[in-house]
Amino acid sequence: MTVQTKKLNIIQAINEAIAEAMEADPKVLVLGEDVADREGGGVVGVTRGLSARFGDERVRSTPITEQAIIGAAIGVAINGYKPIAEIMLMNFTTVAMDMIVNHAAKLRFMSGGQTSVPIVIRMMTGAGIASGGQHSDFLEAWFAHTPGLKVVAPSNPEDAKGLMLSCIVDPDPCMFIECSRAYGNSGMVPVDLAPIPLGKAKVVQEGSDVTIISYSEIFVRAQQAAAELAKEGISVELIDLRTISPWDRETVVASVRKTGRAVVAHEAVRAFGVGAEIVATLQDELFGILKGPIKRLGAPYTSVPFSKVLEDAFVVSVADIAAAARATMV
Amino acid sequence: MTVQTKKLNIIQAINEAIAEAMEADPKVLVLGEDVADREGGGVVGVTRGLSARFGDERVRSTPITEQAIIGAAIGVAINGYKPIAEIMLMNFTTVAMDMIVNHAAKLRFMSGGQTSVPIVIRMMTGAGIASGGQHSDFLEAWFAHTPGLKVVAPSNPEDAKGLMLSCIVDPDPCMFIECSRAYGNSGMVPVDLAPIPLGKAKVVQEGSDVTIISYSEIFVRAQQAAAELAKEGISVELIDLRTISPWDRETVVASVRKTGRAVVAHEAVRAFGVGAEIVATLQDELFGILKGPIKRLGAPYTSVPFSKVLEDAFVVSVADIAAAARATMV
Amino acid sequence: MASTLHITGSNAAVPDAATQIEIYRRMSLIAQNDEASRKIIRSGRLMMPYYSGRGQEVIPSAISVNLDDSDQICTIYRGIHDMLAKGVPLRVLWAEIAGRVTGTCKGKGGPMHITHPASGAILTTGIVGSSMPIANGLAWSYKLDKSRRVAIAYFGDGASNIGAFHESLNLASLWKLPVVFVCQNNRFAEHTRYENGTSVDQVSKRAAGYNMPGFTVDGNDPFAMYAAANAAIARARDGEGPTLIEAMTFRFHGHVFGDDDFYMTKQEKAEALAKDPVAGFRGRLIAAGTATEASLTALEAEIAAQIQDAVEFALSSEMPPLEELLRDVYADSGVA
Amino acid sequence: MASTLHITGSNAAVPDAATQIEIYRRMSLIAQNDEASRKIIRSGRLMMPYYSGRGQEVIPSAISVNLDDSDQICTIYRGIHDMLAKGVPLRVLWAEIAGRVTGTCKGKGGPMHITHPASGAILTTGIVGSSMPIANGLAWSYKLDKSRRVAIAYFGDGASNIGAFHESLNLASLWKLPVVFVCQNNRFAEHTRYENGTSVDQVSKRAAGYNMPGFTVDGNDPFAMYAAANAAIARARDGEGPTLIEAMTFRFHGHVFGDDDFYMTKQEKAEALAKDPVAGFRGRLIAAGTATEASLTALEAEIAAQIQDAVEFALSSEMPPLEELLRDVYADSGVA
Ligand SMILES: Cc1ncc(C[n+]2csc(CCOP(=O)(O)OP(=O)(O)O)c2C)c(N)n1
Ligand SMILES: Cc1ncc(C[n+]2csc(CCOP(=O)(O)OP(=O)(O)O)c2C)c(N)n1
Ligand SMILES: [Mg+2]
Ligand SMILES: [Mg+2]
């Protein structure tokens, strides 16, 4: 059986997922700043063509009003719709945190299960495009620390599409993180791609020496590092976490149980980041099995700088990942 | 040399610290909802008497307007004042996260060191007083993950006073976390208490078997657990972290190097919490020295429930801490 | 102000006799329930933060008689009066407040987070201002559904100073959402007097900034309140968009149970208490011959019995089992 | 609207001849600097998100001639015109934009986060709406200092729909802060037309909701803009409180460099370009005899040379050393 595929970049993949979901279910909606075609279908075009196809009632451009955007999404979702809300950049969640954390995340619990908030919040972010300190942060650790939210961060077009399909139908609020550096990355995506289940990591490459765990665009760098390491005879098991919360503890633990060594890498600031949770869990579950300390990589404890030289130094590099993996081997 | 002391509870201790700082420096200001005496000097009285003593210009009650409160604090601080802003409850930081995270935390860095934001943000929080899902969260992990902020959480009156004195004169933004359950706890505080340096943990009790690391009111529970464990012959080294960011890695590592065992306990949700960072650091620095996995305690992955039976089960208990310490001994 | 709203003079809707009695019934329910709540908290049998709605009975009562169960309200911590007026059943309400598994939310929400979808009490928030953005979303769903339902967002005068108010009114006006923003102006935000927190002398004046009709009404006058609500709700149902109603009132028992009202003058409090809207409307109904002393006494006694029954139901109900702590975090949480 | 402000008729302040020339100088500086910026970005020698202020020159130019260095501005990503008008020196500005260590912020802030305290350009924010709450704090410090300084908060029309606008205007009015809120209404927020994001036809109408004077002015007319700024600034200095000025304008080069303006009609853009405020004021100055063709040409040439010098300075400056990555996180970061 051959699977029919087509080449898509991440923008196209997310666009397709939303379009298919809107086609399948009239309750799926899109809202956010500039998301309708009159305004260009999103600043980078993720929602392009959707309002033309599904109408201006289902795809609504909003004022600059992040609290009201998420509030509207929550309210409409409580009444059975499935809104996909765009917060243009992840840093702008800071003006809507009350709606996200105190409301979207908690309403199911606080209502004793009577109401649910099936929303998707899409955000782009990432350093490396000279956007400076207020437009580049990865804040997934905040959301992972918030029970009730699910947090997703694909690294490639297939996952982007498949995870988005799952987020849209998921009965709970999903934070969907898009890395701007990776938008243009393309890959072959099955035409009839099924939703990719949330909470399932992907073992992208099997290996025996060290497990590298990552997500979003840093995973791409991990792949490159693994290729380099292979040349040196180091066999890397590569795990793309894909969903950050709830994360796939089973897959990760099984892999590190096998390799005995691990590196966790993400773009966010290392301190108090997602990597810490994974490491803390692994040291507990695999004490005595680990062959050495688990290494964590993330941004240094600083803001995202503007100047290119500093910005390049800020983001975890292929070399950083390779070096950390090598360090686990001694 | 005898140190003169007096009995203070945490409310009084913080009040004294602020009063002394205002006395010493006319640039110290207080703002927030209901903080002036006309409005009662704060909902629990932390700022009581300050406006009467220092005037309504220096102690200002505000509207319900958290963004504007923190914005005003930032602006006035840039021009050389030292405002202490109250956000009544920690969950309400969610409506001011932009000001705190994108601005207060980053302005020194983004301006290349030209501007500084010497503000203190006081917040109370904590489960156990039937306030439900939106008034009880410990969110310190968010702020610790934000370079540029300092995060402080005292467990007793002396530390509350001494750390507040330091936060006020500190040139950087400090998040000062007050646990409402502990407000009434009293203790003897030196009359001439010097500021307690930020970033320094306190070894409250020396021990040889296991290190328990905690902060805020959960530290009090850790002390009780240590007393219980002592009866069983388990010698606990007790560390009150006091400052969460930057945390005192040196003191903690030295202690665990000695005991070989550790438990980290806090009130916040365990997953992706502050404990993870401490554990991840320890396993890296002390691999091979640790006698067993480090145990983490925190709230389960859920919202703060209202019903007393559930709320009691939500918060880490003395028994939980003792059990975790015992578990490290096997 | 681009108002298409007529609430004065000959255009004002007047509640018929049965509706007047119904408004009074809801008011009496709120007042008696408040009395019962404070008594039981004082007795130590319930521990909760209690924000009394006593004194503000008219507002939700006169509004809710214009609504049916399919219309939804978003209310706030000080919202038990709103819920009772909207028809949340007493037993499940009391059980929730008592943290029992038989409560609306299985005891997990508590008094600040009551949700009872069947009666349209869909959300209670403890965050000042946050009822409004979510009410917009509810209203958006009606518009998409092409239904004539309407959403009510309740909030206080203090809440009119927070960002969410502004964003919500702007979006609602722009999208012509069927929502009514009801500011219960009790002249205080916690301990802060209206004029020390709000730069404009009437919240309703802010409506013009959103090209929305806005007006101030005597929130303690059932006729005025009914007419205002009737007009705003009709406007919403007709697809003409949102309205801001500022209902002037007073809270009798301070911000939260235990508050000693030091920030009020004795005189202003005494004056307000003397104009108790419940007693006032009662007298008016009897004076106008709409009801008799006997009929109202009977009505009140019936309510008292219902409250008594609810309290007993609540206090004799079970606490939630510990599994509830991990249930309802996600849809599949705690499901084996 | 409780306005104590007079900006029309015989009360309107008129800039004297020297001031007119100075306004024009700043406008020309902004326009020429914009031309240079776009050229150099196109050439590939600079990589940055560039939000052109071309078309909006009058607003900060006519305002800033009423300020001195001790008065401070909070501006936004689209703020290079505001900074130039306020007097941020070209060399350090260009070096910052080029990410060089010689820049205002050692290259760490970049174009969206320029700070230059000496000229009063104290803060540039990339978050819509966030210039306003911080400007309040600056203004509060002047009040505490009992000085006559004034703070200007610049923001766009789209920003008037976000919560921070509302909270800031309310607090500023309540506390009578010496701040002027200047909305540069260029009719678009990114790709969204004013009327598709804003429920009221003029942002200035929102001022009434804060009991603050608010008015709309032709932001492309240096005389009208000067008079408005002069009145609002005087009001602030005199301790009478804040003012909201909505300055109508148009941005010539889209939202961000690379934006193709598809969301504008060709006609509206052509009309706006035809009314180029820089060319317009130039002609007016000459026609009125305030300046001559020759004198303005000389002024422009001088500016061109300064820009050229600054670009060269910037591009020949060093990049920041890697230690800068960890410096300035805290006061003692990176200090040995
Ligand atoms: C964002 C936020 N800030 C502060 C509070 C604390 N708080 C609870 S009620 C209240 C006063 C609200 O006053 P108002 O809006 O007039 O409503 P009322 O209580 O008078 O009904 C405050 C400040 C809160 N719950 N949420
Ligand atoms: C809180 C927030 N939301 C969204 C954005 C993205 N954004 C940047 S500029 C802009 C449009 C702003 O329009 P306006 O206020 O009119 O200013 P202009 O750009 O026209 O000068 C938007 C939506 C942002 N920077 N901050
Ligand atoms: Mg009130
Ligand atoms: Mg604009």
Side-chain angles (χ1 to χ4, degrees), chain A residues 67 91-103 105-106 108-110 132-134 137 139 141-148 244-246 264 268-269 271-288 290 292-296 299-306, chain B residues 67 91-103 105-106 108-110 132-134 137 139 141-148 244-246 264 268-269 271-288 290 292-296 299-306:
Chain A
Q67 290 190 70
N91 278 88
F92 310 157
T93 58
T94 52
V95 289
M97 285 298 278
D98 168 51
M99 283 293 134
I100 300 171
V101 169
N102 291 329
H103 294 91
K106 294 177 192 281
R108 178 189 297 284
F109 182 87
M110 295 195 309
Q134 293 179 332
D137 285 332
L139 303 170
W142 293 359
F143 300 112
H145 189 48
T146 306
I244 296 163
S245 178
V264 188
V269 164
F272 303 92
V274 161
E277 176 66 25
I278 296 170
V279 172
T281 302
L282 289 172
Q283 70 84 36
D284 195 6
E285 303 224 354
L286 299 175
F287 193 85
L290 291 172
I294 305 164
K295 294 293 170 190
R296 279 187 296 154
Y301 205 61
T302 191
S303 298
V304 180
F306 169 70
Chain B
Q67 290 190 71
N91 277 87
F92 310 157
T93 59
T94 53
V95 290
M97 286 298 278
D98 167 52
M99 283 294 134
I100 300 171
V101 169
N102 291 328
H103 294 90
K106 292 178 193 281
R108 177 188 298 283
F109 182 87
M110 296 195 309
Q134 293 179 332
D137 285 331
L139 303 169
W142 292 1
F143 300 110
H145 190 49
T146 305
I244 297 163
S245 179
V264 188
V269 164
F272 303 93
V274 161
E277 176 66 25
I278 296 171
V279 172
T281 303
L282 289 172
Q283 70 83 37
D284 195 4
E285 303 225 356
L286 299 175
F287 193 86
L290 290 173
I294 305 164
K295 294 295 169 189
R296 278 189 295 156
Y301 205 60
T302 191
S303 299
V304 180
F306 169 70

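Chain A is the first sequence line, chain B the second, and so forth, proteins listed ahead of strands; every chain is numbered from 1.
Interface remark: Val101(B) contributes side-chain atoms only to the contact with chain A (heavy atom separation under 4.5 Å). Looking at Pro305(A), both its backbone and its side chain come within 4.5 Å of chain B, counting heavy atoms on both sides. Heavy atoms of Leu290(A) lying under 4.5 Å from chain B belong to its backbone as well as its side chain.
To the nearest 0.5 Å, atoms CZ (Phe306(B)) and CZ (Phe109(A)) are separated by 12.5 Å. Here Phe272(A) contributes atom CZ and Ser245(B) contributes atom OG; the two are 5.0 Å apart, rounded to the nearest 0.5 Å. For the atom pair CH2 of Trp142(B) and OG1 of Thr146(A), the computed distance is 5.0 Å after rounding to the nearest 0.5 Å. Rounding to the nearest 0.5 Å gives a distance of 11.5 Å between CD of Gln283(B) and CG of Asp284(A).
Summarising the geometry of Tyr301(B) relative to Phe143(A), their closest heavy-atom pair is OH-O, 4.4 Å, with the distance given to 0.1 Å. The nearest pair of heavy atoms linking Pro147(A) to Val269(B) is CG-CG2, 3.8 Å. The two atoms that bring His145(B) and Ala271(A) nearest to each other are ND1-O, 2.7 Å, heavy atoms only. Nearest heavy atom pair, residue Gln67(B) against residue Val95(A), reads OE1-CG1, 4.4 Å.
Ranked by heavy-atom pairs under 4.5 Å with chain A, the first of Glu277(B), Gln134(B), Lys295(B) is Glu277(B). Put simply, of Gly148(A), Gly273(A), Gly133(A), Gly292(A), the one with the most heavy-atom pairs under 4.5 Å next to chain B is Gly292(A). With chain A as partner, the option from Glu285(B), His103(B), Met99(B) having the largest number of non-hydrogen pairs under 4.5 angstrom is His103(B). Contacts with chain B were tallied for Ala141(A), Gly132(A), Ala299(A), Ala144(A); Ala144(A) has the most, counting heavy-atom pairs under 4.5 Å.
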Practice task
Could you please spell out the steps behind the side chain to side chain contact (heavy atoms under 4.5 Å, CB included) verdict for Val304(A) and Lys106(B)?
Solution key: CA-CA 9 Å; Val304(A) 180; Lys106(B) 292 178 193 281; 5.6 Å; no
Problem - Stepwise side chain to side chain contact (heavy atoms under 4.5 Å, CB included) test for Thr281(B) and Arg296(A) - result: CA-CA 9 Å; Thr281(B) 303; Arg296(A) 279 187 296 154; 3.5 Å; yes
